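Beneath this line is the structure, given in structure tokens, with notes to follow.
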Amino acid sequence: MRRVRVFLMALVLVFALGGCARRPDPAPQPDRSVVVGFSQLGAESSWRIANTASMVDAADKYGFALMMENANQKQELQIKSIRNFIASRVDVIVFSPIVETGWDNVLNEAREAGIPVILMDRMIENADEGLYTAYVGADFYQEGRRAGEYLVKKADALEAVHMNIVEISGTIDSTPMRDRRRGFLDVIGEDTRFTVIASVSGDFLRSKGEECMSELLSRFGAEGIDVVYSHNDSMTLGALDVLDRQGVRPGKDILLISVDGEKEAVQALKDGRVNCVVQCTPALGGSVMALVQGLVNGRSIPKISHPVESAFSDLDDPAGPEPEGF
Ligand code: GZL
């Protein structure tokens, strides 16, 4: 009997030890105590979809809980989301303002609630410095200047006497629309070789880019347009569809200057169908979450952070770095 008892105790011991040995160490739990409220403006372009993915990946890497709400291009839904985040007492609010105006009231509510706000991707107008804690996003004015500088070089290379330009702009009153236009015009405005004959808004949407290009061709004919300056690749790709259907050779009969740098547009550049792609990186999530971590740790953080960006074109040295899209 004693021998049986000893055997059973040994058996229990083996299982207990074995059980301990077999039980894996619990994975380190992320610090989900930090909650970030994120209002994304929509899903209008490949840029926006990549930007959202960047935010989700970065929040996961930092172990933050991300309360994300998509406004489907409606400012009133962004304002509603920000109020939800305030009511939920999130630690930090991050949002990409679809337009520059109309935020003072809700951002005052966030300030009164003691919740810091980080602007990601787009800026707000006449911002009372206290209405936001930091901005992470492109310098759109420089992006516009790069587009203009390319066109000046291209006109020199072609020994062009005069060029009619049409602009397909992004969402009216958004920061990228305002500053990509301003930077472009500041470079070409004084050069008598260039005339901007029309500007229409495609709202950063491929479908509206197609509509805009159709309308512009109807108004001016292909022979009346020398350059299309499009504020994002999605609208440019829509314009390409129309030019192809109408037998116009994009990149040759009409020059195309685009912004963002998504894969399909970079391929069009390599195929000679687009002449210049100004880079605008969507990968802002890492920088945003690093600032959130700084705020959580009580550190001071930079007010303005711009990513390093460039431009690719048909004037680049073929032996130079291969342009890559996102
Ligand atoms: C730019 C971003 C713009 C992109 C578009 O940072 O706000 O919005 O250029 C996107 O593709 O729709």
Side-chain angles (χ1 to χ4, degrees), residues 38-55 58 70-75 77-78 94-101 103 118-125 132 134-147 167-184 201-212 228-240 256-266 268-269 274 276-288 304-312 325-326:
F38 172 40
S39 165
Q40 181 56 290
L41 66 83
E44 73 284 2
S45 61
S46 300
W47 189 99
R48 186 67 51 197
I49 290 162
N51 175 248
T52 299
S54 166
M55 286 288 289
N70 193 302
N72 295 318
Q73 302 269 100
K74 293 180 178 58
Q75 180 176 27
L77 292 184
Q78 285 201 284
V94 179
F95 80 112
S96 178
I98 186 166
V99 293
E100 293 198 335
T101 53
W103 305 100
I118 295 176
L119 303 180
M120 188 270 300
D121 171 37
R122 298 189 183 177
M123 184 51 86
I124 56 177
E125 190 182 71
Y132 69 93
Y135 167 81
V136 176
D139 182 336
F140 300 112
Y141 176 74
Q142 290 305 324
E143 291 178 353
R145 289 192 62 88
R146 287 185 196 109
E167 180 188 53
I168 302 178
S169 79
T171 303
I172 302 283
D173 291 341
S174 67
T175 314
M177 176 266 175
R178 285 180 167 178
D179 288 354
R180 284 172 183 165
R181 165 178 293 174
R182 190 165 58 89
F184 182 74
S201 173
D203 211 11
F204 289 130
L205 294 165
R206 182 167 184 156
S207 57
K208 288 197 175 174
E210 193 170 340
E211 290 166 18
C212 290
V228 176
Y229 173 41
S230 167
H231 287 188
N232 88 326
D233 294 342
S234 296
M235 298 188 297
T236 302
L237 295 169
L240 286 178
L256 285 104
I257 301 171
S258 190
V259 189
D260 274 351
E262 67 175 89
K263 284 194 189 309
E264 200 175 342
V266 170
L269 173 70
V274 168
C276 174
V277 175
V278 176
Q279 196 184 29
C280 178
T281 178
L284 302 174
S287 301
V288 168
I304 303 288
S305 304
H306 292 312
V308 175
E309 297 178 336
S310 65
F312 310 115
F326 55 80

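The figures that follow rest on heavy atoms only: side chains count, while hydrogens, waters and symmetry mates do not. When a ligand or atom number is given, it counts from 1 through the structure's own listing order. Residue numbers start at 1 and run along the sequence shown. Everything quoted here is computed from the prediction, not taken from an experiment.
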message = Below 4.0 Å from ligand 1: does a non-hydrogen atom of G137 turn up there or not?
response = no

ask   = In terms of residue, atom name and distance, what is the protein heavy atom nearest to atom 3 (C) of ligand 1?
value = R122 NH2, 3.6 Å

task = Only heavy atoms count here, so choose which of L41, D121, I98 is nearest to atom 6 (O) of ligand 1.
result = D121

task = Using non-hydrogen atoms of the residue, decide whether S234 is closer than 4.0 angstrom to ligand 1.
result = no

message = Any side-chain to backbone donor/acceptor pair from D260 onto W47? Under 3.5 Å, distance only.
response = no

ask   = Would you call R181 and E167 a salt bridge, taking side-chain N to carboxylate O under 4.0 Å as the test?
value = yes

query = Any donor-acceptor pair under 3.5 Å linking the side chain of N70 with the backbone of G42?
reply = yes

ask   = Strictly under 4.0 Å, does any heavy atom of R206 approach an atom of ligand 1?
value = no

key: Side-chain donor or acceptor of Q279 paired with backbone N/O of S310 under 3.5 Å   = yes

remark   = Atoms of ligand 1 under 4.0 Å from any heavy atom of P176, numbered from 1 in the order shown, are 7 (O)

request  = Give a yes or no answer on whether the side chain of T236 reaches the backbone of S258 with a donor-acceptor pair at less than 3.5 Å.
outcome  = no

message = For atom 9 (O) of ligand 1, which of the options D260, T171, L205, N232 provides the nearest non-hydrogen atom?
response = D260

request  = Return the residue, atom name and 0.1 Å-rounded distance of the protein heavy atom closest to atom 12 (O) of ligand 1.
outcome  = E44 OE2, 2.5 Å

task = Could you see which bit of C280 sits under 4.0 Å from ligand 1, with heavy atoms only: side chain, backbone, both or neither?
result = side chain

request  = For F140, counting its heavy atoms only, list the atoms of ligand 1 lying under 4.0 Å from any of them.
outcome  = 1 (C), 6 (O)

task = Measure from the ring center of F95 to the ring center of W103 and say whether it is less than 6.0 Å.
result = yes

inquiry  = Strictly distance-based, threshold 3.5 Å: is any side-chain N or O of S234 a donor or acceptor partner for the main-chain N or O of R206?
reply    = no

query = Which one holds for R180 and ligand 1: side chain close, backbone close, both close, or neither close, with close meaning a heavy atom under 4.0 Å?
reply = side chain

For S45, the ligand 1 atoms whose distance to one of its heavy atoms is below 4.0 Å = 5 (C), 10 (C), 11 (O), 12 (O)

query = Less than 6.0 Å separating the ring centroids of Y229 and F184?
reply = yes

